[in-house]
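Report on the following structure.
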Amino acid sequence: MRRTSSVLRSVKSLTTASSSSLLRRGFSSESVPDRKVAVLGAAGGIGQPLALLMKLNPLVSTLSLYDIANTPGVAADVSHINTRSEVSGYVGEEQLGKALEGADVVIIPAGVPRKPGMTRDDLFNINAGIVKGLCQAIAKYCPNALVNMISNPVNSTVPIAAEVFKKAGTYDEKRLFGVTTLDVVRAKTFYAGKANVPVAEVNVPVVGGHAGITILPLFSQATPKANLSDGDINALTKRTQDGGTEVVEAKAGKGSATLSMAYAGAIFADACLKGLNGVPDVVECSFVQSTVTELPFFASKVRLGKNGVEEVLGLGPLSDYEKEGLEKLKPELQSSIEKGIKFANQ
């Protein structure tokens, strides 16, 4: 029995990222406001573990699970977990409005995952339409929600969402996020392994975008400091950029990075909820509308608060290697952004 409870304790602490103060209060709802979180694509490879992790989050009072099929089963399964939130499952387009009504945070892992040999263009052709439809519904049913975009390619789906919201007259750049947390999670893990430091203490900002060379981990700013060679930094950067491909290949056509993405999505959603609840100094990296560079959207550190983005933080000092990486990624990121805008306006 003792072993089971220790396992549960460690699972409960997953969604709090580095801070466990809220969890120490247990699952009582006295000190935290009611918050509804909707997961769109909840029956999928990312959606199911993400639904589980959000059910474990004490900040969630209502968990709304939506997909085009199989959601009632996922909702029934997750609803048996003895935590605070009430769970409802919604299936099919006619129930999408009900799933979204009153949502504080909407997480979108909907769409198809990348398979071996698939380009990000192939992904775009399928997922862009799915995201556009979901965002039209968000504009109608919960225009003030914080929207966490997981559906790939994020570099294009976030601009699509922005255009849909602009057309609907509901766009607020402070409330739209591309979830790039998995890049940070990978950078921390790989850096800790190479630097031989405890991973829980590691911090590495990751900027740029959320695909291939647009992912730029700033290992020069990593803490705790480690004297890694240029070769090590180069290898770590490349591994962080290719992390998704590493998993796709390891799963040999049977899936993509679903479990680590669900974990990263849960961490970012938790940060959004803390920000909404007025917890001070909540900072995460995210792909948002930005003036940090000349590009209209860019991932960097963002301070989260009661209105979503309170402040988009600058890049800080970059090494020569990182400056070079930044210039290299700009044309590709610009092209992905433009592709999303063009699709939304077709």
Side-chain angles (χ1 to χ4, degrees), residues 17-18 46 50 105 107-109 111 113-114 120 123 127 131 146-162 173-191 202-219 221-222 236-247 256-258 260-272 275 282-290 292-293 295-304 308-309 311-316 322 325-326 329-330 332-334 336-337 340:
S18 55
I46 297 168
L50 181 58
V105 177
I107 313 172
I108 311 182
R114 193 153 61 99
R120 287 196 162 81
L123 262 191
N127 290 352
V131 164
L146 301 190
V147 178
N148 293 4
M149 185 68 70
I150 289 173
S151 303
N152 270 321
V154 165
N155 293 352
S156 301
T157 54
V158 169
I160 288 171
E173 73 272 15
K174 293 180 175 177
R175 295 176 180 272
L176 176 61
F177 303 89
V179 179
T180 59
T181 314
L182 182 51
D183 303 326
V184 177
V185 165
R186 285 176 174 145
K188 286 178 178 180
T189 303
F190 303 157
Y191 177 85
V202 169
N203 212 348
V204 184
V206 182
V207 303
H210 185 57
I213 66 154
T214 70
I215 299 166
L216 184 63
L218 303 181
F219 288 114
Q221 296 178 24
L236 284 175
T237 301
K238 190 140 181 44
R239 192 174 175 205
T240 305
Q241 291 171 338
D242 295 340
T245 305
E246 185 180 312
V247 176
S256 60
T258 50
S260 50
M261 184 61 246
Y263 170 76
I267 284 179
F268 189 75
D270 181 66
C272 286
V282 179
V283 176
E284 291 287 340
C285 292
S286 182
F287 185 65
V288 295
Q289 184 175 311
S290 172
V292 165
T293 67
L295 299 174
F297 294 91
F298 197 80
S300 65
K301 285 201 250 183
V302 170
R303 191 184 312 285
L304 296 158
V309 176
E311 186 186 3
V312 179
L313 302 170
L315 299 180
E322 289 158 0
L326 178 61
L329 72 80
K330 283 177 183 175
E332 184 165 324
L333 185 48
Q334 178 72 45
S336 298
I337 292 167

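The analysis underlying the following values was restricted to heavy atoms, covering all of them including side chains, and did not include hydrogens, waters or symmetry mates.
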- Query: Minimum heavy-atom separation for Ala299 to Gly209, with atom names?
  - Reply: CB-N, 4.5 Å

- So, do Ile107 and Ile150 sit near enough that their side-chain heavy atoms are less than 4.5 Å apart? yes

- Message: Quick check for you: to the nearest 0.5 Å, what is the distance between Cys272 atom SG and Arg175 atom CZ?
- Response: 10.5 Å

- Task: Of all the heavy-atom pairs spanning Gly265 and Val179, show the shortest one and how long it is.
- Result: CA-CG1, 4.3 Å

- Any side-chain heavy atom of Val302 within less than 4.5 Å of one from Glu284? no

- Message: Taking Leu313's backbone N and O only, do any of them form a donor-acceptor pair with Ser300's side chain (distance below 3.5 Å, no angle check)?
- Response: yes

- Taking every non-hydrogen atom, the tightest pair across Ser336 and Ser156: O-OG, 2.8 Å

- Can you tell me if NZ on Lys330 sees more than 12 non-hydrogen neighbours from other groups inside 6.0 Å? yes

- Message: The test is side-chain contact (heavy atoms from CB on, under 4.5 Å); show your working for Val288 and Val312 and say whether it passes.
- Response: CA-CA 8 Å; Val288 295; Val312 179; 4.0 Å; yes

- Task: Indicate the atoms forming the closest heavy-atom contact of Ala269 with Asn148, along with that distance.
- Result: CA-ND2, 3.6 Å

- Query: If you measure from CD on Glu332 to CD1 on Ile337, what distance do you get to the nearest 0.5 Å?
  - Reply: 11.0 Å

- Query: Would Ile215 and Thr180 satisfy side-chain contact (heavy atoms from CB on, under 4.5 Å), going step by step from the backbone distance to the final call?
  - Reply: CA-CA 9 Å; Ile215 299 166; Thr180 59; over 6 Å; no

- Task: Determine the minimum heavy-atom distance between Ile267 and Thr181, stating which atoms define it.
- Result: CG2-CG2, 4.1 Å

- Task: Kindly write out the residues that satisfy side chain to side chain donor-acceptor pair (under 3.5 Å) with Glu173, not counting sequence neighbours, or none if the list is empty.
- Result: none

- Would you say the ring centroid of Phe177 lies under 6.0 angstrom from that of Phe268? yes

- Query: Quick one: does Val206's side chain get under 4.5 Å of Leu218's, heavy atoms only?
  - Reply: no

- Query: Is Glu246 paired with Arg239 through a side-chain N to carboxylate O contact shorter than 4.0 Å?
  - Reply: yes

- Task: For Ala262, enumerate each residue passing the side chain to side chain contact (heavy atoms under 4.5 Å, CB included) test, keeping only those at least two apart in sequence or located in another chain.
- Result: Ile46, Pro49, Leu50, Leu53

- Query: When rounded to the nearest 0.5 angstrom, what distance separates CG in Leu304 from CG in Asp270?
  - Reply: 10.5 Å

- Hey, what do you get for NZ (Lys301) to CG (Asn203), rounding to the nearest 0.5 Å? 6.5 Å

- Evaluation steps, side chain to side chain donor-acceptor pair (under 3.5 Å), between Asn152 and Thr157: CA-CA 7 Å; Asn152 270 321; Thr157 54; over 6 Å; no

- Would a distance-only check, ignoring hydrogens and angles, find a side-chain to backbone donor-acceptor pair under 3.5 Å from Glu322 to Phe219? yes

- Message: Whether the side chain of Gln221 engages the backbone of Leu315 through a donor-acceptor N/O pair (distance < 3.5 Å, no angle test) should be reported.
- Response: yes

- Heavy-atom donor-acceptor pair, Thr214 side chain to Gly208 backbone, under 3.5 Å: no

- Please name the pair of heavy atoms, one in Gly244 and one in Arg186, separated by the smallest distance, quoted to 0.1 Å. N-NH1, 3.4 Å

- Task: Compare all side-chain heavy atoms of Val207 with those of Phe287 and state whether any distance is below 4.5 angstrom.
- Result: no

- Intermediate values then yes/no, side-chain contact (heavy atoms from CB on, under 4.5 Å), Leu329 and Phe298: CA-CA 11 Å; Leu329 72 80; Phe298 197 80; 4.1 Å; yes

- Task: Take His210 and Asp183, measure what side-chain contact (heavy atoms from CB on, under 4.5 Å) needs, and give me the verdict at the end.
- Result: CA-CA 7 Å; His210 185 57; Asp183 303 326; 2.7 Å; yes

- Message: Test your reading of the model: is there a side-chain donor-acceptor pair from Thr293 to the backbone of Leu295, 3.5 Å cut-off?
- Response: yes

